[in-house]
Amino acid sequence: MRAAYASALHPDQPLRGLTVGDLPASPAPDGWVTVEVRASSLNHHDLWSLRGVGLPPDRLPMILGCDAAGVDPDGNEVVVYPVVEDRADPRGFSLFSERHPGTIAERLAAPRENLIPKPAGVSFADAACLPTAWLTAYHMLVTRGRIAEAESVLVQGAGGGVATAAVALGVALGKRVYATSREQGKRERIAELGATAVEPGARLPERVGVVIESVGAPTFDHSMKCAAPGARIVVCGATAGHRAEIDLRRVFAMQLEILGSSMGTPDELAALLRMIEEGTVRPVIDTTFGFGEVERAFERLASGDVFGKVVIDHLA
Ligand SMILES: NC(=O)c1ccc[n+]([C@@H]2O[C@H](COP(=O)([O-])OP(=O)(O)OC[C@H]3O[C@@H](n4cnc5c(N)ncnc54)[C@H](OP(=O)(O)O)[C@@H]3O)[C@@H](O)[C@H]2O)c1
């Protein structure tokens with residue numbers, strides 16, 4: 001079957017190990033079903049995999065992709081929850097493309113309980129944006145960050161998939177949203193989403209109750225300085241460096257909470273789908289590519305120029 005997979009790992013030039021071609025479909029384990037994938041989306045996770053982060057060479061070739069929406073064997077339209085229980089993994093779970101083949105393929109084997117009904121009014125492309133980036137942003141804001149207790153939120157590096165989702169969701173939840181981006185063009189688009197866009201490191205007009213961190217070392221000090229007393233600094237990633245310097249005096253004096261966050265729950269994914277069906281919020285899509293253009297899609301993600309999600313339309 002047609003698939004985009006990691007055939008080699010290159011820490012500095014991840015796209016060198018990306019291959020698009022035919023691979024045999026793995027047999028579905030007991031209790032798993034096969035989904036015909038209609039749309040998938042890329043995540044920074046796919047670039048980490050191609051760099052060999054979280055994907056050792058003995059698991060190659062590995063089909064990439066964590067996110068999919070498609071049709072199950074009974075003809076139902078579904079979104080696939082991307083977290084698979086996994087006792088062999090120290091986290092207790094793995095994502096598609098880590099131990100089990102990923103979503104950027106004609107077909108995906110997934111545990112039956114991971115299939116969530118896709119409302120008819122939500123497109124396959126919009127649905128395919130949700131399982132990783134949007135679910136992570138929702139879990140960071142609502143569950144870990146307790147956004148209901150806050151008036152305002154800061155999102156760092158706001159052009160990416162998780163970050164644009166956090167901006168859009170923060171606005172939809174009625175909060176004042178500030179967001180940093182390195183690029184003027186992205187700052188203009190953040191403003192169109194209803195947030196206040198600033199340059200990285202800029203002083204905000206107020207201290208915020210929640211900070212959404214996925215950039216890491218270059219922005220972490222700013223995240224700490226923007227936090228109000230008792231604020232939650234929620235960290236899901238470290239795209240630009242994982243060794244940040246922390247002034248511990250600020251942590252205790254301001255009673256800050258620094259919280260790790262990974263993915264989210266099936267119920268949270270279902271809640272997100274409802275928000276999109278009701279029109280409360282709409283996934284931010286940077287570009288949609290046909291399956292024949294998967295390499296271009298990866299180049300787009302790797303360029304760092306994205307604003308929102310890069311989607312693959314599997315029927316185009
Ligand atoms: N723990 C979890 O469950 C989980 C889930 C999803 C993602 N993640 C992690 O979260 C991170 C973001 O994922 P994603 O898929 O949203 O990535 P993405 O779409 O590639 O976005 C990355 C964003 O980070 C910012 N950035 C990159 N390099 C930077 C630098 N040197 N300085 C400042 N900002 C920089 C950019 O924002 P600007 O260009 O606007 O400045 C860019 O748009 C990744 O590290 C990923 O592994 C974790």
Side-chain angles (χ1 to χ4, degrees), residues 14-15 40-51 53-55 64-67 81-83 89 91-98 128-141 143-145 154-169 178-191 193 195 197-202 212-223 234-244 259-265 268-269 283-287 297-311:
L15 300 190
S40 58
S41 76
L42 305 190
N43 291 286
H44 213 88
H45 184 280
D46 300 307
L47 295 177
W48 291 127
S49 299
L50 288 163
R51 290 181 196 277
V53 178
L55 184 63
L64 295 163
C66 304
D67 296 347
Y81 177 64
V83 180
D89 192 287
R91 298 167 296 177
F93 69 83
S94 66
L95 308 180
F96 293 115
S97 78
E98 291 180 350
C129 294
L130 306 181
T132 297
W134 277 69
L135 178 61
T136 298
Y138 185 95
H139 186 68
M140 292 175 85
L141 283 170
T143 308
R144 301 295 279 155
L154 167 64
V155 181
Q156 296 282 15
V162 173
T164 46
V167 169
L169 286 168
Y178 302 94
T180 66
S181 178
R182 296 166 298 170
E183 279 183 39
Q184 173 63 20
K186 290 187 190 178
R187 291 198 292 273
E188 284 165 15
R189 296 186 67 182
I190 288 163
L193 293 177
V198 299
E199 288 183 23
I212 298 298
E213 250 298 348
S214 65
V215 177
T219 52
F220 207 82
D221 188 54
H222 182 238
S223 293
V234 190
V235 185
C236 79
T239 305
H242 57 269
R243 296 205 186 276
L259 301 166
S261 190
S262 255
M263 305 303 286
T265 66
E268 289 171 330
L269 183 52
V284 184
I285 295 181
D286 175 86
T287 320
F298 271 83
E299 283 164 17
R300 174 93 191 133
L301 182 72
S303 73
D305 292 337
V306 291
F307 189 80
K309 293 288 293 173
V310 174
V311 172

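In listed order, ligands and their atoms are each counted from 1. These numbers come from the heavy atoms of this one structure, side chains and all, not from hydrogens, waters or symmetry mates.
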Which atom names give the shortest non-hydrogen contact between [X] and [Y], and what distance separates them?
{"X": "Val167", "Y": "Ala195", "value": "CG1-CB, 3.7 Å"}
{"X": "Ile190", "Y": "Thr180", "value": "CD1-O, 4.5 Å"}
{"X": "Ala244", "Y": "Ala217", "value": "CB-CA, 4.1 Å"}

Return yes if some donor-acceptor pair links the side-chain N/O of [X] with the main-chain N/O of [Y] below 3.5 Å, else return no.
{"X": "Gln156", "Y": "Ala158", "value": "no"}
{"X": "Asp286", "Y": "Phe307", "value": "yes"}
{"X": "Arg187", "Y": "Ser181", "value": "yes"}
{"X": "Tyr138", "Y": "Ala165", "value": "no"}
{"X": "Glu213", "Y": "Gly216", "value": "yes"}
{"X": "Asp67", "Y": "Thr132", "value": "yes"}
{"X": "Arg182", "Y": "Pro200", "value": "no"}

Give the residue and atom name of whichever protein heavy atom lies nearest to [atom], and the separation in Å to one decimal.
{"atom": "atom 21 (O) of ligand 1", "answer": "Gly160 CA, 3.1 Å"}
{"atom": "atom 37 (O) of ligand 1", "answer": "Gly157 O, 3.1 Å"}
{"atom": "atom 5 (C) of ligand 1", "answer": "Thr136 OG1, 3.1 Å"}
{"atom": "atom 27 (C) of ligand 1", "answer": "Arg182 NH2, 3.6 Å"}

Does ligand 1 have a heavy atom under 4.0 Å from the side chain of [X], from its backbone, from both, or from neither?
{"X": "Val215", "answer": "side chain"}
{"X": "Ser261", "answer": "backbone"}
{"X": "Thr132", "answer": "side chain"}
{"X": "Lys186", "answer": "side chain"}

Taking N or O atoms only and a 3.5 Å limit, does [X] qualify as a polar contact for ligand 1?
{"X": "Trp48", "result": "yes"}
{"X": "Cys236", "result": "yes"}
{"X": "Gly161", "result": "yes"}
{"X": "Gly159", "result": "yes"}
{"X": "His44", "result": "yes"}
{"X": "Val306", "result": "no"}

Tell me, do Asp305 and Glu183 make a side-chain contact under 4.5 Å, heavy atoms counted?
-> yes

Looking at side-chain heavy atoms only, is the closest gap between Met263 and Arg91 below 4.5 Å?
-> no

Sub-4.0 Å atoms of ligand 1 with respect to non-hydrogen atoms of [X]:
{"X": "Ala240", "answer": "28 (N), 29 (C), 30 (C), 31 (N)"}
{"X": "Ser181", "answer": "38 (P), 40 (O), 41 (O)"}
{"X": "Ala158", "answer": "40 (O)"}
{"X": "Met263", "answer": "2 (C), 3 (O)"}
{"X": "Thr239", "answer": "11 (C), 12 (C), 27 (C), 44 (C), 45 (O)"}

Minimum non-hydrogen distance to atom 7 (C) of ligand 1, winning option of Val162, Leu301, Ile212, Asp305 = Val162

